[in-house]
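Atoms within each ligand, like the ligands themselves, are counted from 1 in listed order. All values derive from a computational prediction rather than experimental measurement.
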Amino acid sequence: MLFMGCLVLAFSSCKPKNAGSALSGDAAAKAYVAPGKYDGFYNFVSGGFSGQMSVYGLPSGRLLRVIPVFSVDPEKGWGYSEETKPMLNTSHGFVPWDDLHHTELSQTNGEIDGRWIFGNANNTPRVARIDLSTFRTAEIIELPNSAGNHSSPFITENTEYVVAGTRFSVPPDDANGDVPINTYKQNFKGTISFISVGKEDGKMDIAFQLLCPGVNFDLSHAGKGKSHGWFFFSCYNTEQANTLLEVNASQKDKDFIMAVNWKKAEEYIKAGKGKKQSVKYAHNVYSDKNHSATSEIKTEVTVLDTKEFKDICYMIPCPKSPHGCDVDPTGEYIVGSGKLAALIPVFSFDKLQTAIGAKDFIGDYDGIPVVKYESALYGEVKKPGLGPLHTEFDGNGNAYTSFFVSSEVVKWNIKDLKVVDRVPTYYSVGHLCVPGGDSKKPNPKYLIAYNKITKDRYLPTGPELAQSAQLYDISGDKMQMILDFPTIGEPHYAQAVAADVVKNRSLKFFKFDDNQHPYATKGETNARVVRQGNQVHIYMTSIRSHFAPDNIEGVRVGDEVYFHVTNQEQDWDVPHGFAVKGASNAELLIMPGETQTLKWVPDRSGMFPMYCTDFCSALHQEMQGYVRVSPAGSNTPLTFSTGKTAPATEADPVKK
Ligand code: K7E
Ligand code: CUA
């Protein structure tokens, strides 16, 4: 029973036998990208508890960018500038952190189109859309009736919908949630949100929600090709336990994959069968026109109770506590990865349809028909490894499954379900990624393993060691490890795409003339300082290598000072930064043509230096200025200037 021992002992990992260096001679050349040369692929990696998304080049593993999404980022002023604060607004108020597990690139006709990438927030349930022309978060929508938004943000093949399923079932938002926890079976529900995505602008909206039995929805993937119109969700805790899930949610031999006919659900919604429910959720949108975000609290959602509509959802038994739920490029095969299962079941979409047509059910689960396991099953991969989690595809008829417990990636053939290759990971792999590996058209040059533990792979860095990714060349029959690279936060799912699909969309700078920010300052001659009661608005410009104004007097203790800084540059890669001493938030990092605002409430009188934080020119270190702060009630006149160096005169208040 080594197998169970391994699992029960805190689900820790077994070290593979031939652990150690597994690199052969030509590996370095395969991962080498010469200085000055571009990588062939972008890799968008979830940051887990960092709340952010990071972008790497492959095969080099170069970190290109960390995109702030759900967590504040002082480096970029995300969540600190007045313009970005609304992006982190929720029905709970400002939430500065979350846990981002899955990334999903937008698709057209089942192929990655390079327009947007989505990310999920697990803790305070939200879905974000990142615009790949700016590599910035453009929109965040909160999800009502939801908790632990884990089976998210997976998309349909034309990005019609992004889905989001609850990991934690909870009482619905309009019900009394103040109930005993052990009333789970009566009071707790799972919901799945279908978020529509605007065809042109990508704008998200909760189209409808499905009210489902109280279980844990873990992961999901959309059908594609022949199974377009369906969605598949893995569920665990079908025992409906509310405590000690490691034991109590591991009782049944089989949990479920829930198959959802979302086209049917759409029909019911169109026919007005949905019920309006009053809820509260935030919808936050960032505009590149006024360089500002708005947050709107919405109060209604349309819900379909799946109990009342017998032809939307079907349960497929799946051994045992399934995690990954992956659909192959043809859309025919659905792979469930049971964390506690000793095999991998592969379901057939055609067989599922036949079974549904013939009502080949073995009963129902909380009102949802349960299809007979054998009737939906294509076959099983026998003894593939220990602790299967996630599967990706290469489009050549092969699947790659990660095994957490036995720390390996196993390649198997979808048709005959035979294992054809296996390689160790270091250590305890979670998600896998093949470029396009969950689309209709994978680009199977590489496979990346995202590992939970690195142990001895890197130099020690105190109690916490790096999380890491490992890159494998899968272009031949045998997988070959060619690179280790550490990641930001804990990596879960990731997406990768050929660089050409994204790189030419990349914006170089914001056009100055298009800047509609209400506090934009166009041209240095318009730089000024305006007092409105205790608010002081500084219309500031930045250009290599000075601010205007750079001398400001007459600010008083107790004032609210707003530095509205407009970067006047119109060239690629010339941001300016802005910081002022004693500010309790962060810097601003302002792109060319953009306006950003830092709020500052000086807490004492005195002299306060401000400066540019981004090394923008040879005279960057000269890009600085002063704000003089006088005591509350002082009558120091409000003045501002740039380049005025006349010495103080009798008229100056300081001399009086
Ligand atoms: Cu890490 Cu997709 Cu949250 Cu599996 S999940 S590993
Ligand atoms: Cu502007 Cu440094």
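By the 30° and 60° cut-offs, the orientation of the rings of Tyr493 relative to His102 is perpendicular.
Between Phe231 and Phe233, the distance separating the two ring centers is shorter than 6.0 angstrom. Centroid-to-centroid, the aromatic rings of Trp97 and Phe70 stay 6.0 Å apart or farther. Within the 6.0 Å centre-distance limit, the rings of Phe608 and Trp600 are counted as a close aromatic pair.
With a 6.0 Å cutoff to the six-membered ring centre and a 45° limit on the axis angle, Lys339 counts as a cation-pi contact of Tyr236.
At a cut-off of 2.8 Å, measuring from atom 4 (Cu) of ligand 1, the protein N, O or S atoms that fall short of it are His323 NE2, His390 NE2, waters left aside.
Among the backbone and side-chain atoms of His102, no N/O/S atom is found under 2.8 Å from atom 3 (Cu) of ligand 1.
No side-chain donor-acceptor contact under 3.5 Å links His101 and Asn120. Side-chain contact, Ser146 with Asn149: no donor N or O sits under 3.5 Å from an acceptor N or O.
The closest approach of His150 to atom 3 (Cu) of ligand 1, by N/O/S atoms, is made by NE2.
The ligand atoms of ligand 1 that sit less than 4.0 angstrom from a heavy atom of Lys452 are 1 (Cu), 6 (S).
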